[in-house]
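For the single chain, residues carry numbers from 1 onward in sequence order. Since the model is a prediction, treat every value here as computed from it, not as a measurement. Only this structure's heavy atoms are used, side chains among them; waters, hydrogens and symmetry mates stay out.
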Amino acid sequence: MEHLKFLLLLFSLFQVHLNTCMSQQLPDLDSMTDKQALLSFKLQLSDPQNALSGWTQNSSHCNWFGITCTTNGSRVESLQLGSLGLVGNLAPSLSNLTSLTTLNLSHNLFHGQFRLEFSRLSLLQHIDLRNNSINGTVPASLSLCQNLETLRLQGNKFTGDIPSQLGNLQRLTILNFSINNLTGSIPSTFGNLSSLTSLGLARNMLTGEIPSELGQLRNLQQIQLSENNLSGQFPASIFNMSSLVFLSVTQNNLSGNLPIPPADGFQALPNLIQVFLALNRFEGFVPDYILNASSIEWLDLSRNRFQGPIPLFGNMRKLTKLDLGQNLFSSNTSRNFQFIDSLANCTQLEYLMINSNRLSGEFPSVANLSSDMQHFCISDNLLSGGFPQGIDKFQNLISLSIEINSFTGDIPRGIATLRNLQSLLVYQNMFSGEIPEIFANLTRVSDIAMGNNQFSGKIPICLGDCQQLQTLDLSWNRLNGSIPEEIFKLSNLNYLILVNNMLSGPIPSEVGNLKQLQVIDVSENNLFGNLTPSISGCSVLLYLNISVNNISGEIPNSLGSIMPLEVLDLSYNNLSGPIPQDLENLESLQMLNLSFNHLQGEVPTGNIFSNSSLFSIYGNNELCSSDQEIARNLELPQCKTEGRERNHLVRILVPTAGGTLFICLVFCFVWTLISRRKKKRVKSSKSSLSVKGLPPLISYSDIQLATGNFAAKNLLGKGGFGSVYEARFNNGDNGTSTKNLTLAVKVLDLQQTKAVRAMDRNQVFETVDPRLLKNHGSSVQSSFITSSGDSSDGISINTDDDHIGRKYEECLAAVIRVGLCCAAQSAKDRLSMRETLTKLHDMKKYLLS
C-alpha cells in the first residue's frame with residue numbers, strides 16, 4: 001500500500017510538471033490570436049469568388065463570412081467555407097483555433113498535406129475536407145481528437161495505410177475515407193468504434209480480408225467497401241447485424257459461399273434495404289436468409305458464380321431492383337413460370353436483370369409483373385418460344401433487352417405503344433417476317449439493334465420519326481430495297497450498321513447531313529452508284545466500311561478531309577481512277593483496304609501508305625509505285641517518275657525534234673512535186689470527190705448533230721477498229737451545201753491499239769478524212785477510191801510519180817499508225833518514247849532510200 005501511495009504521488013508531481021512546461025511553451029490564446037490565425041490562413045489562399053473580402057483587420061472576425069464564435073466570448077467555434085473554389089494549403093495557423101469544434105472546407109481545391117497540431121484541437125467534433133486535392137497520409141494524431149464525431153476525408157489524394165489509432169475514437173459516428181489512394185488492410189481496431197453508424201472506404205486500393213470485428217458494431221447501419229482489392233470470404237458476423245441497412249462490397253476479390261450464420265439468435269437482416277455483392281467471385285446457392293429478408297428493396301448479385309435453380313423472391317414484397325445477371329443460374333420452362341409467379345408479389349418492381357445465365361425453355365407471359373417496370377433484361381440465355389407476351393403492359397418501360405436467345409416468330413405490334421422506350425435490343429435471335437411499322441410513336445428511342453435475325457422486306461420508313469436515334473443495327477438479315485432517305489435525316493445518329501443484307505441502290509448524298517455519325521458499315525450488300533463526295537460532311541466519322549458492293553466511279557478526294565477516320569474499307573467494288581493523294585492526310589487512319597477494284601496510277605507514299613502492313617491494295621492491276629521498296633513489298637510495277645524522264649529528256653527530244661523536222665521538209669518537197677502534176681488532174685480530182693459526195697469541210701459539231709451525238713439508233717455496225725454510224729446532214733455551212741446528204745462516219749476505238757498497229761495503208765486511208773489526201777496525187781485518190789469499192793474513177797499516173805506517191809502514202813500511213821498508238825487510253829498500250837523514236841528513224845531512212 002505504501003508503494004502504491006508513492007507511485008500516485010510521483011504521478012501527480014509529473015502531471016504538474018508537464019502542465020507547467022506546456023504553459024511555458026504555449027502562448028496565451030484568445031480572440032486576437034484567433035483573428036490573426038484566420039488572416040494568416042487567408043493570405044495563403046486564392047479566393048476567386050471574393051468570399052473572404054470582408055476578412056479585414058479593422059472588422060470583428062466574429063462577423064466574418066463562414067465564422068461562428070462562442071456565445072460566452074469571441075473565440076472561433078466554427079469555420080465553414082465549403083464550395084467556394086478556394087485554392088491553397090491548410091495553414092498551420094489553424095492549430096491556434098483551440099476552441100474550434102467544426103472545420104468544414106469541403107468541395108474546394110485545397111492541396112498539400114493535412115498537418116495540424118491536433119493535440120491543441122481537442123474540442124473538434126466535425127472535420128469535413130471531402131472533395132479537395134489533399135495528399136499525404138491520414139494523420140494518426142487525429143486520434144487525439146477524442147470528441148470527434150464525424151470525419152469526412154473522401155474525394156482526396158490520401159495515400160498509405162489507415163492508422164489503427166483511429167480505432168480509439170469512441171464517439172465517432174461517421175468515418176468516410178472513400179475515393180482516395182489508401183493501401184493496406186482495414187484496421188481490426190475499427191471494431192472498437194462502438195458509436196459508428198456509417199463506414200465508407202470505397203474506391204481505394206485496400207487489400208486483405210474484411211475484419212470480422214466489424215460485426216461487433218451494433219450501431220453500424222452502412223458499410224461501403226466497394227471497388228477495392230479485398231479478398232477472402234465474407235465474415236458471417238456482418239450478416240448478423242440487425243442494425244445494418246446498407247451493404248456494398250461490389251468489385252472486390254471476395255470468394256467462396258456466402259456464410260451461413262448460426263441459427264441461435266440470428267436476426268435475418270430485418271432492416272437491410274440495399275445489398276450490393278456484384279463483381280466478386282462468390283459461388284454456390286443464394287442463402288435463404290437473404291431471400292427471406294423482407295425489407296430489401298435493391299438486391300444486386302450480378303457478375304459472380306452463383307448457381308443452382310434461379311431463386312424465388314416472393315418474400316421481398318418491397319423489391320424494386322433485382323439484378324442476377326452474369327451468374328450460373330439455371331432453369332427450364334417450369335422453373336421460369338415459378339420465377340415469374342414469385343415476382344408477381346413484388347408489386348413495386350422496376351428493374352429486372354437476369355441476363356447471361358443458363359436459363360432455358362420457353363419464357364412465360366410477364367403480364368402479371370409490376371406495371372412500374374422500367375428495365376427488363378433477359379438477354380444472353382437459352383430461352384426459346386415466341387416474343388414474351390405482356391411486354392406492352394409496361395408503359396413506363398425504358399429498355400427492353402431480349403437479345404442473344406432463340407426466340408422465333410414476329411415482333412408484336414404492341415411494342416408501338418411503349419412511348420417511353422429508349423432501347424430496343426432483340427438481335428441474335430431467330431425472329432422472321434417483315435420489321436413492323438412500330439417506330440412512329442417511339443420518339444424517345446435512342447438504340448435499335450435487330451441484327452442477326454431473319455427479317456425480310458424493306459427497312460421501315462417510319463424509322464425517320466425516331467429523331468433521338470443514335471444506334472441503328474439491322475445487320476445480317478434479309479432486308480432488300482434501298483436505304484430510306486429518311487434515315488439520313490436522323491441528325492443524332494452515331495452508328496449505322498446494315499451489314500450483310502440484300503440492300504440495293506446508291507448511298508444517298510444526304511449522308512453528309514449526319515454530323516454525329518461515327519460508324520457506317522453497309523458492307524456485303526448490292527449497293528451501286530458512285531460514292532458520294534458529301535460523305536465528308538460526317539466530320540467525326542471513325543469507321544467506314546462499304547466493301548463487297550457494286551460501288552463504281554472514283555474515290556472522292558473529300559474522304560481525305562475526314563480527319564478522325566481510323567478504318568476505311570472500300571474493297572471488292574468497281575471503283576476506278578487513282579487513289580486520292582488526299583488520303584495521306586488521314587493521320588488517324590489505322591486500316592485501309594482498297595483491294596479488288598479497278599484503281600489505276602501511282603500509289604501514294606505518305607502516312608498509312610508508308611506501312612504496307614496497315615493497308616491492302618491487292619487486285620488492282622493497273623496500280624504502280626514510284627518508290628522501289630514499296631513497289632517490291634506490294635508486288636507492283638515501278639512507275640516512270642518525272643525525275644527519271646527528265647534524265648532522258650535531252651537525249652530523246654533533240655533527235656526526235658531533228659527527225660520530225662527532216663520528215664516535214666521531205667513532206668514539203670513531195671507536196672510541191674506532186675502539186676505541179678495536180679493541176680492537170682483538178683477536174684478529175686473534183687470528179688472523184690464528187691463521186692464520193694464528200695463536202696470540202698465538215699466540223700465535228702456537224703457530225704455530232706448528224707449522228708444524234710452518236711446515238712445507238714444510228715449505229716450501222718462495229719468492226720475491228722471501231723464503229724460506223726449513219727450521219728444525215730440537213731443544212732450546210734462554209735458555203736457548201738450538205739442538205740439531205742447521208743454519209744457513213746467511222747469512229748475509231750483507240751483502245752484497239754494492237755489492231756491499229758497491224759493496219760495496212762489501205763485500211764489507214766479507209767479510216768481517215770479524204771481531205772488529208774486530196775492534194776497529194778492521184779495515186780492517193782486512186783487507193784482511197786479503190787479501197788472504197790469504186791475503181792471506175794481511178795486515174796493512172798506515170799511510173800516515177802507512182803513511186804514517189806506510194807512512198808508518201810506509206811509514210812503517211814505509218815505516221816497515222818504511230819499517232820493512233822500514242823493516243824491509246826491505257827498506258828501499257830501506248831508507245832514509249834523509245835519506240836516512237838525508233839519508228840520515226842525508220843521512216844526517215846525509208847524516205848531517203
[X] atom [atom1], over 12 foreign heavy atoms within 6.0 Å:
| X | atom1 | result |
| --- | --- | --- |
| K318 | NZ | no |
| R115 | CZ | yes |
| R75 | CZ | yes |
| R444 | CZ | no |

If you define the side chain from C-beta out and look only at heavy atoms, does anything of [X] sit under 4.5 Å from [Y]?
| X | Y | result |
| --- | --- | --- |
| M373 | L352 | yes |
| L319 | I296 | yes |
| L230 | T207 | no |
| I67 | L79 | yes |
| L148 | Q125 | no |
| D300 | L324 | no |
| F114 | L142 | yes |
| D447 | L424 | no |

Least distance between heavy atoms, [X] atom then [Y] atom:
| X | Y | answer |
| --- | --- | --- |
| Q348 | R317 | NE2-O, 4.2 Å |
| S143 | Q165 | CB-O, 3.4 Å |
| L116 | S141 | O-OG, 4.5 Å |
| P287 | I260 | CB-CD1, 4.1 Å |
| R281 | N304 | N-OD1, 3.3 Å |
| N229 | N252 | N-OD1, 3.4 Å |

Nearest-0.5 Å distance that lies between atom [atom1] in [X] and atom [atom2] in [Y]:
| X | Y | atom1 | atom2 | value |
| --- | --- | --- | --- | --- |
| N181 | R203 | CG | CZ | 10.5 Å |
| L100 | R120 | CG | CZ | 12.5 Å |
| N108 | S133 | CG | OG | 10.5 Å |
| Y351 | C377 | OH | SG | 8.0 Å |
| I210 | S231 | CD1 | OG | 9.0 Å |
| I238 | I223 | CD1 | CD1 | 4.5 Å |

[X] side chain vs [Y] backbone, donor-acceptor pair below 3.5 Å:
| X | Y | answer |
| --- | --- | --- |
| N345 | L343 | no |
| S356 | Q326 | no |
| D34 | M32 | no |
| S342 | L312 | no |
| T137 | P139 | no |
| N180 | F177 | yes |
| N135 | K157 | no |
| T197 | T173 | yes |
| N192 | F190 | no |
| S243 | L220 | yes |

Next on the checklist: Under 6.0 Å between ring centres: does that hold for W298 and F276?
Outcome noted: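 For W298 and F276, the ring centres are under 6.0 Å apart.
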Item to check | Ring-ring centroid check F239 Y289, cutoff 6.0 Å | outcome: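 F239 vs Y289: aromatic centres under 6.0 Å.
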Taking the inter-plane angle between the rings of [X] and [Y] on a 0 to 90° scale, is it parallel (under 30°), tilted (30 to 60°) or perpendicular (over 60°)?
| X | Y | result |
| --- | --- | --- |
| F110 | F41 | parallel |
| F339 | F313 | perpendicular |
| F394 | F376 | tilted |

Item to check | side-chain hydrogen bond (donor to acceptor under 3.5 Å, both in side chains) partner of H126, the single match among T102, T101, T150, N147 | outcome: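 With H126 as partner, side-chain hydrogen bond (donor to acceptor under 3.5 Å, both in side chains) holds for just one option, T150.
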Item to check | Residue pair I402, S379: steps toward the side chain to side chain contact (heavy atoms under 4.5 Å, CB included) verdict | outcome: CA-CA 4 Å; I402 62 172; S379 64; 5.9 Å; no
Checklist entry - Would L244 and N271 satisfy side chain to side chain contact (heavy atoms under 4.5 Å, CB included), going step by step from the backbone distance to the final call? => result CA-CA 6 Å; L244 201 60; N271 297 306; over 6 Å; no
Next on the checklist: Test side chain to side chain contact (heavy atoms under 4.5 Å, CB included) on Q216 and S237; report intermediate values, then the result.
Outcome noted: CA-CA 8 Å; Q216 303 171 11; S237 60; over 6 Å; no
Next on the checklist: The test is side chain to side chain donor-acceptor pair (under 3.5 Å); show your working for S78 and Q80 and say whether it passes.
Outcome noted: CA-CA 6 Å; S78 174; Q80 301 198 54; 3.1 Å; yes
Checklist entry - Run the side chain to side chain donor-acceptor pair (under 3.5 Å) check on S74 and S31 step by step: do they pass? => result CA-CA 5 Å; S74 54; S31 62; 3.2 Å; yes
Checklist entry - Passes side chain to side chain contact (heavy atoms under 4.5 Å, CB included), Q422 versus V445? Steps please. => result CA-CA 4 Å; Q422 298 178 17; V445 70; 5.7 Å; no
Checklist entry - For S248 and Q224, what are the C-alpha separation, side-chain angles and deciding distance, and is it a side chain to side chain donor-acceptor pair (under 3.5 Å)? => result CA-CA 5 Å; S248 177; Q224 173 56 282; 3.3 Å; yes
Checklist entry - Yes or no on side chain to side chain donor-acceptor pair (under 3.5 Å) for N355 and D380, after CA distance, side-chain angles and deciding distance? => result CA-CA 6 Å; N355 58 295; D380 193 16; over 6 Å; no
